[in-house]
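Please read the structure below before turning to the comments.
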Amino acid sequence: MKSQERAPMRQVVEQLEASRIREVANEGIGRTDVLKFWFGESDEVTPGFIRDAAVASLQAGETFYAHNLGLQELREALAAYTDGLHPGRGAAHWFDRLAVTSGGVNGLMLASQTLVEAGDEVVVVAPVWPNLIAQPLIMGARVWRVPLRVQTDGPRAGAWVLDMAALLSAITPATRMLVVNAPNNPTGWTLSADEQRTILAHCRRTGTWILADEVYERLYFAGDTANGAAPSFLDVAQPDDRVIVAHSFSKSFLMTGWRLGWLVLPPALTAAVGKLIEFNTSCAPVFVQRAATVALQRGAEVTPALVGHLRQCRDTLAPLLRALPGVTMAEPLGGMYAFFRLEGQDDCLAVARRLVREAGLGLAPGSAFSPEAAGWLRWCFASRDTTRLVAGVERLRGWLDGQ
């Protein structure tokens, strides 16, 4: 009897969508005249004192394995940093709840690996960075999207807001995990502390885990919190609540290419996540962890100035975009993205590709983040030189005038 031929890979992996942002970026390969705002990173290099710490570590010969959960010095610095943002419990409270990961995306994947089994139901608030939808799918989960809705009138017309009733209705005792990213990529939407309390109370009743991607916590412009950061689930949750919060050094410390992040976990999960780190990456490189330790210790030299500059970038770009005919958008309250719609341009992937070819302007298509964002475009405004933003708007204006 002939044995049945097996598929070369798991079906869920074969069916994963390739990045539509990369698809647009491929249009600009080899071109030096394109203003590139498609990826979610600043064009500023990592500060010199952070790079110097990595160099010193390498020169000292620190090229060996480290603890699965991260260097003690880094975890102590993270505990102090976390307590500084979420005070009242002391740094020691946080130390045993921390796991250092090889990037924020690795931390998010580790959370899915820890919690999600094949067939589980996972709810994701969308639009959202596509990795957050793909990760539970890779684990075999059934993923349900709860879309944000767009305000159509008032001073915040074009802003994306949460339909709380729809979200709570979607989260049932069958829901294993809720994934929420706020401040949100791509929309700039943020959660209030009261909304977080409402979501947490509901998830306590249903037994649902919350995976909160808070990598943009420090990039917050509303200015309505005591610490200047966006509201966090860490401020409303108890240590044993079913809440995992993911962070990254990428955005707030200008360290995207270093690939280092961390998770804040219930204490009962820390050792288990350490085991998973062993089977995924073993550990983060020591020299990268040394650089991150210095970044935390001298963070006051980096993050406040960065946030101030990003606010300037937002305030430069947003009014220029809103002044263009047919543009719908609201100023983002957090993150580093302007998310906008062009009237009559519903195929945002085709528009983004044409903008590269015809205007030398690189933006990300909204459909890369979920079907709910079809017709929208994302512009990363984290630019060292704000005149690049002005030039980009002029290119968009010229392209629209030619349509």
Side-chain angles (χ1 to χ4, degrees), residues 46-47 49-86 89-115 131 135 211-218 232-234 239 243-299 302-303:
T46 305
F49 67 85
I50 299 175
R51 289 179 279 139
D52 290 344
V55 171
S57 174
L58 287 169
Q59 289 180 335
E62 292 188 319
T63 58
F64 301 99
Y65 293 129
H67 193 288
N68 295 137
L69 291 171
L71 295 175
Q72 176 156 332
E73 296 93 325
L74 176 55
R75 292 174 70 202
E76 288 174 348
L78 281 169
Y81 173 81
T82 304
D83 193 63
L85 287 176
H86 313 289
R89 293 168 174 168
H93 166 85
W94 301 105
F95 182 83
D96 290 329
R97 300 181 58 189
L98 295 168
V100 176
T101 63
S102 297
V105 64
N106 173 239
L108 292 161
M109 189 71 213
L110 287 165
S112 281
Q113 290 175 345
T114 302
L115 300 177
N131 294 42
Q135 288 170 339
L211 174 55
D213 177 355
E214 297 185 358
V215 301
Y216 296 97
E217 177 187 30
R218 299 294 300 276
S232 169
F233 277 97
L234 295 180
V243 175
I244 296 178
V245 176
H247 281 287
S248 171
F249 285 89
S250 291
K251 314 300 181 181
S252 301
F253 297 94
L254 297 171
M255 294 177 68
T256 52
W258 296 75
R259 312 314 307 130
L260 199 70
W262 72 95
L263 295 174
V264 184
L265 306 153
L269 259 60
T270 308
V273 169
K275 287 190 292 184
L276 277 176
I277 291 172
E278 169 64 29
F279 301 132
N280 278 266
T281 59
S282 294
C283 59
V286 172
F287 67 92
V288 175
Q289 295 191 61
R290 295 293 188 202
T293 303
V294 172
L296 290 169
Q297 292 169 343
R298 298 176 59 179
V302 182
T303 306

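Quick caveat: nothing in here was measured; it's all calculated off a predicted structure.
We find the CD-CD distance between E76 and Q297 to be 10.0 Å, quoted to the nearest 0.5 Å. Taking NZ of K275 as the reference point, atom CG of L69 lies at 12.0 Å (rounded to 0.5 Å). With rounding to the nearest 0.5 angstrom, the OG atom of S252 is 9.0 Å from the NE2 atom of H247. Taken to the nearest 0.5 Å, the CZ atom of R89 stands 6.5 Å off from the CZ atom of R97. The CZ atom of F279 sits 11.0 Å away from the CD atom of Q113 when rounded to the nearest 0.5 Å. With rounding to the nearest 0.5 angstrom, the OG1 atom of T101 is 9.0 Å from the CZ atom of R259.
Of the residues V286, V294, V288, the one that meets the side chain to side chain contact (heavy atoms under 4.5 Å, CB included) test with S57 is V286. With F249 as the fixed residue, the ring pair (Phe, Tyr, Trp, His ring centres under 6.0 Å) test singles out one of W258, W262, Y81: W262.
For the residue pair T293/E73, the side-chain donor-acceptor check at 3.5 Å is not satisfied.
Contact of the L296 side chain with the L74 side chain is registered, since non-hydrogen atoms from C-beta on lie closer than 4.5 Å. Contact of the L78 side chain with the V100 side chain is registered, since non-hydrogen atoms from C-beta on lie closer than 4.5 Å. Using a 4.5 Å cut-off on side-chain heavy atoms (C-beta onward), T63 and L58 make contact. By the 4.5 Å heavy-atom criterion applied to side chains, Q72 and H67 are not counted as neighbours.
Using a distance-only test at 3.5 Å, with no hydrogens or angles considered, a donor-acceptor pair links the side chain of E214 to the main chain of F233. Counting only distance, with no hydrogens or angles, the side chain of Q135 and the backbone of S112 share no donor-acceptor pair below 3.5 Å. In this structure, the side chain of T114 does not engage the main chain of V273 through any donor-acceptor pair within 3.5 Å. A distance-only check finds no donor-acceptor pair linking the side chain of S248 to the backbone of G261 [under 3.5 Å].
Considering all non-hydrogen atoms of both residues, N68 and G274 come closest at CB-O, 3.6 Å. Across R298 and F49, no two heavy atoms sit closer than the pair NH1-CB, 3.3 Å. Nearest heavy-atom pair across I244 and L263 is CG2-CD2, 4.0 Å. Pairing each heavy atom of S102 with each of A284, the nearest pair is OG-CA, 3.8 Å. Closest of all the heavy-atom pairs between R75 and D96 is NH2-CA, 4.1 Å. Here the shortest heavy-atom pairing between H93 and P239 reads CE1-CG, 3.3 Å.
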Can you list the steps and then say if L108 with N131 is a side-chain contact (heavy atoms from CB on, under 4.5 Å)? CA-CA 9 Å; L108 292 161; N131 294 42; over 6 Å; no

